[in-house]
2 protein chains.
Amino acid sequence: MMQVLRGELRERELPFTHQREAIAQILFESTRHMSADDVAAALRQRGEHAGKATVYRTLALLVELGLATEHDFDEGFKRYETQVGAAQHDHMICTECGQVSTFTNPELDRILAEVAAEHGFEAITRQVKVFGTCSETASCRDAQQAYRSVRSTS
Amino acid sequence: MMQVLRGELRERELPFTHQREAIAQILFESTRHMSADDVAAALRQRGEHAGKATVYRTLALLVELGLATEHDFDEGFKRYETQVGAAQHDHMICTECGQVSTFTNPELDRILAEVAAEHGFEAITRQVKVFGTCSETASCRDAQQAYRSVRSTS
DNA sequence: CTGCCTGCAAATGCTTTGCATCTCG
DNA sequence: CGAGATGCAAAGCATTTGCAGGCAG
């Protein structure tokens, strides 16, 4: 995993620094979607350290290199996720508890490719997000019920 | 159109003010996706005026009432679009020229509904965005070619 | 060595908030 | 009249930038 980063950097003659390694490591190991602050906190927890600016610059670099993706889940800040070895996948965000779950669907891939082709568009990335309520916790289920009844009466 | 807003406000016993009317009017008439600043500029152009805070508060209100939707096209700020009488639709964003085009696809609706159901998720809104390059201008087509050749050799 | 990176703090830019004042209903 | 809206300016925040000093290659 780290080798991929090393290779990409070498290819562009960019230095493989301690901070870049540490930040990439954090992101690669995490299964969650991390904010810049999450990354900084994780670094601190390991006794490492990198300035806020470096964290942002490195995350942007990883996105640039295609090793990470950036997401906006309407929280007022961005989150990042490793892209290495990950298949294209999409997200469902619970607006009650904030939980983000992922899913993949081959039909979705096919349809979006078709739509792009029809419009003479060369698709590079896509973001499919379904916002709603999950059924994980009691309060989320309550919110689901509330929403369903509102909808059915209007 | 404006009647819908009037009705929603009355229902909640919220005042139908001159500013709310003007801002909604701007949004309802526009076919583009407008930023808060775009709205303020459009107001000025008509000789109307509303403070920045009011524009933000009103746009948030329209979203709340379900009369508008909020979008983030990775520009560092949000854009708003009227939702009244509009069918669910999605976006393709050209990363070269910034053009945003819309599309609808019934299959997409079906698939996302299925996926949500499978996960015990109650979908409220969704955002499907395809980022890439369009074929409108010469420079966009150049970027398309460049991207295609990179992709085929890697 | 030399160029790119890092850290810090200051700057940005969008959006939100506090508060006095005004308006709709 | 009274609840809620408006306007302005002052916060708030995530993110970016400038610049002096450091580190990889």
Side-chain angles (χ1 to χ4, degrees), chain A residues 2-3 5-27 33-44 47-65 68-80 98, chain B residues 2-3 5-27 33-41 43-44 47-65 67-80 98:
Chain A
M2 200 51 73
Q3 295 316 312
L5 171 59
R6 211 168 199 131
E8 291 289 339
L9 289 173
R10 188 166 306 158
E11 202 168 304
R12 281 153 233 244
E13 302 187 40
L14 295 176
F16 180 74
T17 63
H18 181 65
Q19 288 89 332
R20 284 177 177 170
E21 174 171 18
I23 293 168
Q25 189 74 48
I26 297 278
L27 204 65
H33 300 77
M34 305 189 82
S35 65
D37 264 345
D38 290 340
V39 172
L43 282 171
R44 242 171 282 125
E48 311 258 14
H49 173 268
K52 203 189 309 191
T54 300
V55 172
Y56 278 107
R57 283 189 282 233
T58 303
L59 289 172
L61 176 68
L62 292 174
V63 171
E64 188 85 25
L65 298 179
T69 49
E70 186 186 75
H71 294 284
D72 182 347
F73 294 134
D74 278 348
E75 300 169 293
F77 53 85
K78 300 289 177 60
R79 287 185 179 276
Y80 298 82
Chain B
M2 199 51 73
Q3 296 317 312
L5 172 58
R6 212 170 199 128
E8 291 288 338
L9 289 174
R10 188 166 306 155
E11 203 167 303
R12 282 152 232 241
E13 302 187 43
L14 295 176
F16 179 73
T17 64
H18 181 66
Q19 288 89 333
R20 283 179 178 169
E21 174 172 19
I23 292 168
Q25 189 75 46
I26 298 277
L27 203 66
H33 300 77
M34 306 190 81
S35 66
D37 264 344
D38 290 341
V39 172
L43 282 171
R44 242 173 281 127
E48 311 256 17
H49 173 267
K52 203 189 309 192
T54 300
V55 172
Y56 278 107
R57 284 189 280 232
T58 303
L59 289 172
L61 176 68
L62 292 174
V63 171
E64 188 84 25
L65 298 179
L67 306 184
T69 49
E70 187 186 74
H71 293 284
D72 182 347
F73 295 134
D74 279 346
E75 301 169 293
F77 53 86
K78 300 289 177 61
R79 287 184 179 276
Y80 298 83

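Order of the sequence lines sets the chain letters (A, B, ...), proteins ahead of strands, with each chain counted from 1.
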Distance in Å, A/Glu8 CD paired with A/Gln3 CD, rounded so as to fall on 0.5 Å steps
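Output value for this atom pair is 12.5 Å.
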What is the distance from atom CG of B/Leu27 to atom CG of B/Leu67, rounded to the nearest 0.5 Å?
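With rounding to 0.5 Å, CG (B/Leu27) is 9.5 Å from CG (B/Leu67).
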Looking at every non-hydrogen atom in both residues, tell me the closest pair between B/Ala22 and B/Leu43 and how far apart they are.
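In this case the closest contact between B/Ala22 and B/Leu43 is CB-CD2, 3.7 Å.
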Quick one: salt bridge (charged side-chain N to carboxylate O under 4.0 Å, His left out) partners of A/Arg79, sequence neighbours excluded?
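A/Arg79 satisfies salt bridge (charged side-chain N to carboxylate O under 4.0 Å, His left out) with A/Asp38, A/Glu75 once adjacent residues are dropped.
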List in chain and number order the residues that pass salt bridge (charged side-chain N to carboxylate O under 4.0 Å, His left out) with A/Glu64, two or more places apart in sequence or in another chain; answer none if no residue qualifies.
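For A/Glu64 there are no salt bridge (charged side-chain N to carboxylate O under 4.0 Å, His left out) partners, ignoring immediate neighbours.
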Partners of [X] by side chain to side chain donor-acceptor pair (under 3.5 Å), sequence neighbours excluded?
X       : value
A/His49 : none
B/Gln19 : none
B/Glu21 : none
B/Thr69 : B/His71

Where along residues 11-18 of chain B does a heavy atom fall under 4.0 Å from DNA chain C?
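Correct list: B/Pro15, B/Phe16.
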Outermost DNA chain D nucleotides near chain B [under 4.0 Å, heavy atoms]:
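Nucleotide range with atoms under 4.0 Å of chain B: D/dG4 to D/dC8.
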Once side-chain contact (heavy atoms from CB on, under 4.5 Å) is applied, do any residues pair with B/Ala24, and if so which ones, sequence neighbours excluded?
B/Met2, B/Leu5, B/Phe28, B/Leu62
The side-chain contact (heavy atoms from CB on, under 4.5 Å) partners of A/Arg20 (sequence neighbours excluded) come to A/Leu9, A/Leu14, A/Pro15, A/Thr17, A/Thr58, A/Leu61
Measure from the ring center of B/Tyr80 to the ring center of B/His33 and say whether it is less than 6.0 Å.
no
The helix from C/dC1-D/dG25 to C/dG25-D/dC1: angle between its terminal axes, five pairs each, to 10°?
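Its terminal axes enclose an angle near 40°.
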Interatomic distance, A/Leu43 CG vs C/dG7 C1' [rounded to whole Å]
14 Å
Sequence-aligned protein contact record of nucleotides 14-20 of chain C, with B where the base is within under 4.0 Å of a protein heavy atom and S where only the sugar-phosphate is:
SBBBB--
